[in-house]
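Worth saying up front: this structure is predicted, and the values here are computed from it rather than measured. In the text below, chain A, chain B and the rest are named by the order of the sequence lines, each starting its count at 1.
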2 protein chains.
Amino acid sequence: MGRSYHQFCGLARALDVVGDRWSLLIVRQLLVGPARYTELLAGLPGIATNLLADRLRQLEDAGVVEKGPADRAGASAYALTSWGEGLRGPVDGLIRWSVPLMARGPGNDRFQLEWLALALPALLTGRRASHTIGIDIDGELLQVRATSRGVEVARHDGRELEGVLHADAWTVLGLASGAVTLGDAGASFVVDGDAEAVRALFETPGPSAPRKQRERPRQRR
Amino acid sequence: MGRSYHQFCGLARALDVVGDRWSLLIVRQLLVGPARYTELLAGLPGIATNLLADRLRQLEDAGVVEKGPADRAGASAYALTSWGEGLRGPVDGLIRWSVPLMARGPGNDRFQLEWLALALPALLTGRRASHTIGIDIDGELLQVRATSRGVEVARHDGRELEGVLHADAWTVLGLASGAVTLGDAGASFVVDGDAEAVRALFETPGPSAPRKQRERPRQRR
DNA sequence: CCGCATCCTCATGGATACTG
DNA sequence: CAGTATCCATGAGGATGCGG
C-alpha cells in the first residue's frame, strides 16, 4: 500500500484506498463490468504486470474489489463489491470535470471503446427522451439506450436502433459534452436513420438549461 | 509532473492533473477557501515543503489553481480557479464514499476542523429545513447554516444560533452520515438550545441514508 | 496460454537543512 | 515567509521467469 496520509478526513481516507497510481483506473475498468486479469491488463495500457497484481490485492483487502472463483482454466474474474460500485459517482464526476481536458483531442493517447461506454452515461445525464440509438466508431457499434433511469451503453446486441451516429471518439465526446452540436457545419459525422432520436440524446440541454415553468401543482407519488 | 497515463479517457486525463499524491488534498484545502503557502503547509500535515511547491506549480500550470498577487509582505494567496472549483462535486462524492472508512474512528490520525467544514455539506445534502446551529468541538465553535441552496459551514461569526451540538469530530461525522442518531443512548454528545433545529439538520434521511424499519421519533429530553 | 513473482533501473516522494 | 537544495527511501516501469 502506498503510505497513508494519516488524516482523519474522508477525502484522505478515500485516497488511502484508491489514491495510488492506477487504482482508480482499475476501478474504471471494473465499472464497465467484471474482468479477468489479462483483460484488465489489456484495458490498462501502460500498467506493469506486478503493479496490476499489487493494486488488485490492495483493492481486494480494502473491500473494493472481489475475486471470483477460478474456473478450470485457472481464470478468475475480478469484480467490484457493492461498496466499490459506489465509486461510480465520484468517477463520473471526474469524467465530467475532465471535459476541458478532452477537448484537445486524443493526440497520441491510447483509446478503448469501453472508456466511451463509461463516459457517455456520465455526460448524458438527465435525458428525458426514451430512445435506443447506435454509435459507430471505426466500425465498432455501440448501443446507447436512454431510459428514465439513465443512459446505458453496451456493445450492440442486435436490438433495433432508431438511428445510428457515425463519428470518431473525439467527436462523440464533443457532442456529449456540448462542445459540438449536431448542427455544426463541417463536423465530421453522419447520422443514419431517425435523426430526431439521435438529436434527442445529444441535444438536450443539460442541468444548466433554463427550465420552463409550466405549472401544475406537483403531484408527488 | 507525475507521468501521464497517455489514455484518451476522461478519468485518466483528470488523474493526469489531480492524481498525483497530495494534489487532491491541496484542492481540498482550497475548497475551504484561499490560503497562503504556510497555511497550506499547516493544513496538510505530513506534506514536505518541496512537494507542496511542486504540486502548486503543477496545479497552477494546469489551470486548477491560481496564485494571487504578492502583498508587500511577500505573502501571496493561492485559490482555485472556477474550473478547479468544479472539483467540489467529485471530492464531495469521495467524502460520501469514505463514510465506512471514517466509522472506525480517528485512531492516531491528525484532524483539522476545516475538514469537517468540508465534509458536512457533502454529507448533509437535501436538507429542507432552514436552520442555523452551532457545533462545538473541543471548544471550537462551527456555525452550520442550512438553507434551500445547501449547507454552509464556517467558523462562528456571532450570528444567533438556534441550538448548539457539543460532540467530538467522530460523533459529528457519525451523526451526519446516519451511523449515529440523536436518539442513540450513551452517545457522547450534548445539545443546547433548540434540539429540534439540531434534529432537523441531522435526522433528515438523506439519499444515502439506510432506511431501517420505520421508527417512532424518540422524543429527546 | 493465464496469472502472477522476481529482478533491475530510474523516477518520484519524503525529511530536513538552507536561502533570498 | 515562501520557497530551494540536497540526500536517501520508496515506488513505478519494463523485461523476464515460472508454476499451474
Side-chain angles (χ1 to χ4, degrees), chain A residues 1-7 12 15-27 29-30 34-62 65-79 108-110, chain B residues 1-7 12 15-27 29-30 34-62 65-79 108-110:
Chain A
M1 179 172 73
R3 296 170 67 93
S4 165
Y5 289 108
H6 293 298
Q7 297 182 359
L15 293 177
D16 283 344
V17 173
V18 294
D20 282 338
R21 194 162 163 78
W22 292 107
S23 292
L24 261 191
L25 295 188
I26 292 171
V27 169
Q29 293 302 115
L30 296 177
R36 293 179 313 168
Y37 189 86
T38 40
E39 295 175 318
L40 290 173
L41 218 47
L44 293 163
I47 198 174
T49 65
N50 55 345
L51 278 188
L52 178 56
D54 282 355
R55 293 295 117 90
L56 283 171
R57 218 170 309 141
Q58 285 175 225
L59 291 171
E60 202 183 342
D61 290 349
V65 158
E66 60 193 356
K67 188 184 187 171
D71 61 16
R72 40 238 154 262
S76 56
Y78 292 89
N108 290 326
D109 292 355
R110 297 279 328 251
Chain B
M1 178 175 71
R3 296 171 70 90
S4 165
Y5 288 108
H6 293 298
Q7 297 181 0
L15 292 177
D16 283 345
V17 173
V18 294
D20 282 339
R21 195 162 163 78
W22 292 106
S23 293
L24 260 190
L25 295 188
I26 292 171
V27 169
Q29 294 302 116
L30 296 177
R36 291 180 315 174
Y37 190 85
T38 41
E39 295 175 317
L40 289 173
L41 219 47
L44 292 163
I47 199 175
T49 65
N50 55 345
L51 279 189
L52 177 55
D54 282 355
R55 293 296 116 92
L56 283 172
R57 217 170 309 145
Q58 285 176 225
L59 291 171
E60 201 183 343
D61 291 348
V65 158
E66 60 193 356
K67 187 183 187 171
D71 60 17
R72 42 237 150 265
S76 57
Y78 292 89
N108 291 325
D109 292 355
R110 297 280 329 252

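To the nearest 0.5 Å, atom CG of residue A/Leu56 and atom OH of residue A/Tyr78 are 5.0 Å apart. B/Arg55 contributes atom CZ, which lies 12.0 Å from atom CG of B/Leu44 (distance to the nearest 0.5 angstrom).
The nucleotide whose nearest atom lies closest to any side-chain atom of A/Thr38 is, among D/dA2, C/dC2, D/dG14, C/dC2. Relative to the side chain of A/Ala53, the nucleotides D/dG3, D/dG11, C/dA5 differ in distance, and C/dA5 lies closest. You'll find that the side chain of A/Arg57 is closest to C/dA5, out of C/dA5, C/dG13, D/dT4. In this structure, the nucleotide among D/dG13, C/dG13, D/dT4 sitting nearest to the side chain of B/Tyr37 is D/dT4. When each of D/dG14, C/dC4, D/dA12 is scored by its nearest atom to the side-chain atoms of A/Arg55, the top-ranked nucleotide is D/dA12. Among the nucleotides C/dA17, D/dG13, C/dC4, the one closest to any side-chain atom of A/Thr49 is C/dC4.
Atom CG of A/Leu51 and atom P of C/dT12 are 14 Å apart (whole Å). Rounded to an integer number of Å, the gap from B/Leu15 CG to C/dT12 C1' is 17 Å. Note: CG (B/Asn50) to C1' (D/dC1) measures 17 Å, nearest angstrom. Following rounding to the nearest Å, A/Glu39 (CD) and C/dC2 (P) show an atom-to-atom distance of 10 Å. The separation between A/Asp20 atom CG and D/dG11 atom P is 9 Å, rounded to whole Å. Whole-Å rounding puts the A/Leu56 CG to C/dG3 P distance at 11 Å. Regarding A/Leu41, its CG atom lies at a distance of 9 Å from the P atom of C/dG3, rounded to whole Å. Atom C1' of nucleotide C/dC4 and atom CD1 of A/Ile26 are separated by 14 Å, given to the nearest angstrom.
Distances shorter than 4.0 Å separate none of the side-chain N or O atoms of A/Arg21 from OP1 or OP2 on C/dG13. Contact check, A/Tyr5 against C/dG13: no side-chain N or O comes under 4.0 Å of OP1 or OP2. Regarding contacts with the backbone of D/dG13, a side-chain N or O of A/Trp22 is found under 4.0 angstrom from either OP1 or OP2.
Across all non-hydrogen atoms, the minimal contact from A/Gln7 to B/Pro45 is NE2-O, 3.3 Å. Contact record, B/Tyr37 with B/Thr49: OH-O, 2.7 Å, taken as the closest heavy-atom pair. Smallest separation of non-hydrogen atoms from A/Asp16 and A/Arg3: OD1-O, 4.2 Å.
Remark: the B/Asp54 side chain and the C/dG13 base include no donor-acceptor N/O pair separated by less than 3.5 Å.
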